[in-house]
2 protein chains.
Amino acid sequence: MTVQLSEASCTSSGAANSVLLAFTSKTARQIRGYGECFPCALLLAEAPPEQHADFDALVHDQDFGHSEVLYRATAPVDAVHFIQMGAVKLVRTGPTGEQRIVRVLKTGDSAGTESIFSQTYEHTAIALGDVRVCSIPVALFLKLVAGSGRTQMWLLQKSLTALNDVETWLLQLAGGSVSSRVRIARLMLKLCADNEGHIHRLPLKEMGAIVGLVEETVCRVISEFDRQGIIAKDGSGSVFGQRYFRGNIPALKKIAHEP
Amino acid sequence: MTVQLSEASCTSSGAANSVLLAFTSKTARQIRGYGECFPCALLLAEAPPEQHADFDALVHDQDFGHSEVLYRATAPVDAVHFIQMGAVKLVRTGPTGEQRIVRVLKTGDSAGTESIFSQTYEHTAIALGDVRVCSIPVALFLKLVAGSGRTQMWLLQKSLTALNDVETWLLQLAGGSVSSRVRIARLMLKLCADNEGHIHRLPLKEMGAIVGLVEETVCRVISEFDRQGIIAKDGSGSVFGQRYFRGNIPALKKIAHEP
DNA sequence: CGCTCCGTTGAAACGAATCAATGAAGGTGG
DNA sequence: CCACCTTCATTGATTCGTTTCAACGGAGCG
């Protein structure tokens, strides 16, 4: 039996060029049970059979709780992680110690692959809420990648998507002539968790670290949105309400397109 | 005769992981005369002989003058360009029309490769000063890449380097809590043309488009640097003086590390 | 010569950072 | 179970930096 497995079911951002990524084989789930994780399925499907044992021995699931560290900048690169569930922030530290969140990874993204050619990680990766990942030692990962053109193309595509994301980030969120109000509206649109208006809720300080604003300013803007009924602090009191906003997406989009 | 050809001689930013890129063969210059251009040399060395004719027919040098457009955002992707000489700015346009320079490419970088999986370009690429590039139709490029794992790894590495650059850009230059003075000092360090203190001189408005400041503010800061003797408007009057500043690099570095 | 583009400078308006103080929530240990 | 402590969110008053508006001079060009 042959089955088409496309990344569309796994990725969150951008329209994947599925021509390159669809592959025909037994589904990964059938192969070994890594079906939940597209990258693992791809790697396994492309690996020569004699490496399957390595794979089983070295690849493992890992769970992280809120604000736990997946890896730390300047630490030696030991593994790459594929996010099966949850969100992860990538933090950079500047020459004078200033910190800034440069990306937020969601389900289907990979963490650490930026650094596979470096000696040390370039970011600190921190879980936002509960996170489940597949971890692969970097040595094995490199071996598997080297042997598979398809995996290389997949990685390349992921990397280009990430590049695109960061540039969009830079354009739309980073300071400059755009008002705080607009920047935060744009940020909220980026942090959408679904199509129901659920928005990942970060601490105000973290939002500030993304858009380059101070905690208090973020608070003021969000309070204003709240007063205008554009967002609500979903089920205040419940755990849910501390993890998500509920937002009026069209209204936010309108603001995001203001000057 | 076998010769090691490493990209170190071609790239400008970051320490290339030459293990991956060094390849053993006749040098490209010997092969066909594309030796000046590392990517062409690589592609040609990796291409099967029957494609060499295509290569000769379709790959050609191209020159651009100051502020000429290499390609335009939203236009269909037709070719990728390897910069042999000069500098190119990549401009993005936001939802509300705001423009921002997200990267500046220099000799050894490639333009357009970000978009090889897209239908349309993501940036507008504009020459800064005189530029010479090698242009390859994207269809041929994709064919060559698909057939060569080494080229894929090279592209991947380039892409990761670009990602790294943009994130650094975002962290260090984009607004937020960093003062205009520091941001511009950092920008000037990025625009260094050599080790003699020559700095690429962009119109004030363009500098503003990079760091997210208004023309006038940039002017004030630069005037201040001038008054303090940190930079000079190299040989005012000469063509040279309109293309470069002369800067006191250590002094600029000192400012760049201020809070 | 008049035109436009670019750089330059000043004065005033605005927005965000800063400083400061308070309240709500969660965790800890008695 | 409650007092304590820490962290996070909130709000106000003030200060500071950057934008905005405006005006002018110089360079290049038709």
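By convention in this document, chain letters (A, B, ...) are assigned in the order of the sequence lines, proteins followed by strands, and residues within each chain are numbered from 1.
When rounded to the nearest whole Å, the span between CD1 of B:Ile222 and P of C:dT8 equals 8 Å. Rounded to an integer number of Å, the gap from CD of A:Glu224 to P of D:dA9 is 18 Å. Whole-Å rounding puts the B:Glu215 CD to D:dC21 C1' distance at 13 Å. Following rounding to the nearest Å, A:Glu216 (CD) and C:dG15 (P) show an atom-to-atom distance of 18 Å. One can place CZ of A:Arg220 at 11 Å from C1' of D:dT14, the figure rounded to the nearest angstrom. Rounded to an integer number of Å, the gap from CZ of A:Arg201 to P of D:dC8 is 13 Å. The distance between atom CG of B:Leu204 and atom P of C:dC6, rounded to the nearest whole Å, is 10 Å. In this entry the distance linking CD of A:Glu258 with P of C:dG15 reads 13 Å, nearest Å.
B:Ser180 comes within 4.0 angstrom of the backbone, heavy atoms only, and of no base. Contact annotation for B:Gly208: no contact, since no heavy-atom pair falls under 4.0 Å across all strands. Within 4.0 Å (heavy atoms only), A:Ser177 reaches no atom of the nucleic acid at all.
Between A:Ser223 and D:dT11 there is a side-chain polar atom (N or O) within less than 4.0 angstrom of OP1 or OP2. For C:dA16, the OP1/OP2 oxygens have no side-chain nitrogen or oxygen of A:Thr217 closer than 4.0 Å.
Side-chain proximity of A:Pro203 to D:dA9, C:dA16, D:dT18: nearest is D:dA9. Comparing C:dG7, D:dT10, D:dT19 by their nearest atom to the side chain of A:Lys233 picks out D:dT10. Nearest nucleotide to the A:Cys219 side chain, out of D:dT10, D:dT18, C:dA17: D:dT10.
Salt bridge annotation for A:Arg246-A:Glu196: absent, with no cationic side-chain nitrogen under 4.0 angstrom from a carboxylate oxygen.
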Report task. Report the C-alpha separation of B:Asp194 and B:Tyr244 in whole Å, then their side-chain angles, then the decisive distance to 0.1 Å, and conclude whether the side chain to side chain donor-acceptor pair (under 3.5 Å) test is met. Result -> CA-CA 11 Å; B:Asp194 53 35; B:Tyr244 297 97; over 6 Å; no
Report task. Tell me, with the steps shown, if A:Arg181 and A:Glu258 meet salt bridge (Lys or Arg N to Asp or Glu O under 4.0 Å). Result -> CA-CA 9 Å; A:Arg181 178 184 164 79; A:Glu258 282 170 7; 3.7 Å; yes
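Side-chain atoms of A:His60 and A:Ser135 form no donor-acceptor pair, as typed in the model, at a separation below 3.5 Å.
Other residues, nucleotides and ligands contribute at most 12 non-hydrogen atoms within 6.0 Å of the NZ atom of B:Lys205.
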